Amino acid sequence: MRIAMIGTGYVGLVSGACFSDFGHDVVCVDKDEGKIARLKQGQMPIYEPGLDVLVGNNVEAGRLSFTTDLVEGIAGADAIFIAVGTPTRRGDGFADLTYVYAAAAEIADALDGYTVVVNKSTVPVGTGAEVERIIRERRPDAAFDVASNPEFLREGAAIDDFKRPDRVVVGTNSPRAVEVMRELYRPLSLNEVPMVFTSRETAELTKYAANAFLATKITFINEVADICEKVGADVQQVARGIGLDGRIGAKFLHAGPGYGGSCFPKDTLALVHTAREAGTPFTIVQAVVDANAARKQAMADRIVAACNGVQGAKIAVLGLAFKPNTDDMRDAPSLDILPRLIEAGATIAAFDPESMDEARKHFGETITYCDDAYATMAGADAVVILTEWNEFRALDLKRIGGLLKRRIMVDLRNVYQPSELIPHGFAYHSIGRASVAP
Ligand code: UDX
């Protein structure tokens with residue numbers, strides 16, 4: 001089949017590359033000329049494990065190409081995916097749909113032959129209907145259907161999530177569109193991946209409900225962690241104890257500094273607004289949004305307390321991205337925590353394996369950028385683990401002990417066990433577990 005993917009952001013690029021790897025002919029379209037030029041040269045705009053090889057192989061096989069020309073890109077397409085950004089609109093928390101509607105109008109003008117227009121961007125309920133209205137108004141003659149096909153890709157594991165998903169959700173009432181969508185995802189039938197066909201509105205809401213539920217699960221275990229610290233319980237054991245219950249499930253029960261990233265913060269806010277507009281306030285998700293924001297601030301206070309004040313202190317920070325295996329810093333806890341530490345009088349020396357360029361855009365000259373984990377720690381008063389990159393999981397604790405001025409570790413991802421730190425004379429503070437003093 002022939003696919004046009006409008007937007008070469010995270011979702012568009014990964015989805016386009018994976019569809020081409022399934023054997024379809026895919027053209028990725030983006031207005032950003034520099035980005036398309038770089039993609040044509042094999043340079044990826046984001047860090048995602050395996051993406052460069054996947055793109056390279058499929059370009060070479062002639063199944064994947066890039067263009068800035070939308071008309072050329074969508075010519076003869078069986079399906080056109082809209083995968084443009086839907087940032088949070090300033091001021092009111094709603095998803096900004098400007099790019100989605102602009103893409104719909106441009107697609108309308110270039111449609112030829114029956115086409116399924118598929119919304120992959122995360123959009124509020126009713127957006128599919130509006131996309132259909134826009135296209136119909138501009139092109140009353142065109143043969144098309146508008147379907148919703150939300151993505152559930154995790155950054156850092158996006159290719160695997162696309163090729164081995166738990167399910168594929170497709171929202172459309174058109175049997176013809178169902179046929180096209182089945183054909184597009186047919187390679188997944190080998191693994192018997194469930195295809196969930198629903199109405200468009202249901203598919204749109206399913207995406208928000210999934211992300212809001214996961215954000216709630218994380219926030220739940222984060223608050224359990226706070227209780228654990230007060231009553232002398234261990235959050236990791238609680239998580240295991242409840243996670244083995246099949247009704248609860250073990251995933252997304254890892255307590256930490258609060259969720260970040262491109263989806264959870266944005267989608268929870270958007271869902272709260274949608275619910276309020278519908279006259280059915282979503283109080284749980286509102287509480288999650290508030291608790292998560294407060295948590296990031298509280299993490300800075302925790303570091304300050306662990307150091308007995310940070311005025312004039314040097315803090316070594318390991319990890320700046322919102323999670324490992326990505327250079328993405330959108331809504332990363334580091335963005336809240338570091339400025340608060342600086343405000344309290346600390347200087348920061350930081351290292352992240354992939355997001356140093358991104359970090360410079362956010363922090364400018366306010367922090368020191370180091371070449372590796374150990375370089376951050378020379379003469380530092382404490383080391384803080386903010387992101388659980390693999391390379392921070394097996395640090396040479398003896399060496400760290402020699403580098404630090406004071407042996408204080410604040411491990412906001414519970415990468416280490418207290419028993420590992422004790423022999424090295426550390427004061428060790430983690431999440432939802434008793435702190436240990438040297
Ligand atoms: C998420 C969803 O998982 C994905 O399905 C959706 O389409 C996009 O949003 P992503 O933002 O890439 O994916 O990352 P994810 O792995 O879900 O983590 C989100 C945030 O939650 C991160 O900040 C992570 O550190 C945090 N998290 C996750 C926890 O604090 N604890 C956990 O147990 C899991």
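For ligands, and for the atoms within them, numbers begin at 1 and follow the listed sequence. Being a predicted model, the structure only gives us computed values, none of them experimental.
Looking at every heavy atom in both residues, Ser121 comes nearest to Thr86 through CB-CG2, 3.9 Å. Nearest heavy-atom pair, Leu318 versus Leu395, reported as atom, atom and distance to 0.1 Å: CD1-CD1, 3.6 Å. Closest non-hydrogen pair, Ala349 versus Lys314, comes out as CB-CE, 3.7 Å. Across Glu358 and His362, no two heavy atoms sit closer than the pair O-CD2, 3.2 Å.
Where the criterion is an N or O separation shorter than 3.5 Å, residue side chain and backbone included, Glu388 fails it with respect to ligand 1. Some N or O of Gly260 is nearer than 3.5 Å to an N or O of ligand 1, by distance alone. Inclusion of Ser262 in the set of residues having an N or O under 3.5 Å from an N or O of ligand 1 is not warranted. Geometrically, ligand 1 and Leu214 share no nitrogen or oxygen pair separated by less than 3.5 Å. Considering both main-chain and side-chain atoms, Lys323 comes within under 3.5 Å of ligand 1 through a nitrogen or oxygen pair.
Just one residue in the list His429, Gln297, Glu229 forms a side chain to side chain donor-acceptor pair (under 3.5 Å) with Arg302, and that residue is Glu229.
Remark: Arg276 fails to qualify as a cation-pi partner of Phe282 under the 6.0 Å distance and 45° angle criteria applied to the six-membered ring.
At the shortest separation from atom 12 (O) of ligand 1 among protein heavy atoms lies Glu155 N, 2.6 Å. The nearest heavy-atom contact from the protein to atom 34 (C) of ligand 1 is Phe252 CD2, 3.5 Å. Counting protein heavy atoms only, atom 1 (C) of ligand 1 is closest to Phe264 CE2, 3.6 Å. The protein non-hydrogen atom at the shortest distance from atom 22 (C) of ligand 1 is Phe322 CD1, 3.6 Å. What sits closest to atom 33 (O) of ligand 1 on the protein, heavy atoms only, is His254 N, 2.9 Å. Distance from atom 3 (O) of ligand 1 to its nearest protein heavy atom, with residue and atom name: Arg154 CG, 3.2 Å.
The Glu151 neighbourhood of ligand 1 comprises atoms 7 (O), with distances under 4.0 Å to a heavy atom of that residue. Under a 4.0 Å criterion applied to the non-hydrogen atoms of Arg413, ligand 1 contributes the atoms 25 (O). Close approach of ligand 1 to Cys263 is summarised as follows: ligand atoms under 4.0 Å from at least one heavy atom of the residue are 8 (C), 9 (O).
For Arg63 (side chain) and Asn58 (main-chain N/O), no donor-acceptor pair under 3.5 Å exists by modelled atom type.
Phe264 and Phe322 have their aromatic ring centers separated by at least 6.0 angstrom.
Side-chain N/O atoms of Tyr374 and Asp396 include no donor and acceptor closer than 3.5 Å. A donor-acceptor contact closer than 3.5 angstrom links the side chains of Thr202 and Ser199.
A tilted orientation is assigned to the rings of Phe19 and Phe81, their planes being inclined by 30° to 60°.
Summarising the contacts of atom 28 (C) of ligand 1 with Ile218, Asn211, Asn222, Ile431, the nearest heavy atom is found in Ile218. The option with the heavy atom closest to atom 4 (C) of ligand 1, from among Thr387, Thr122, Leu153, Asn292, is Leu153.
Assignment of Lys207 to the shell around ligand 1 is supported, since a heavy atom sits closer than 4.0 Å.
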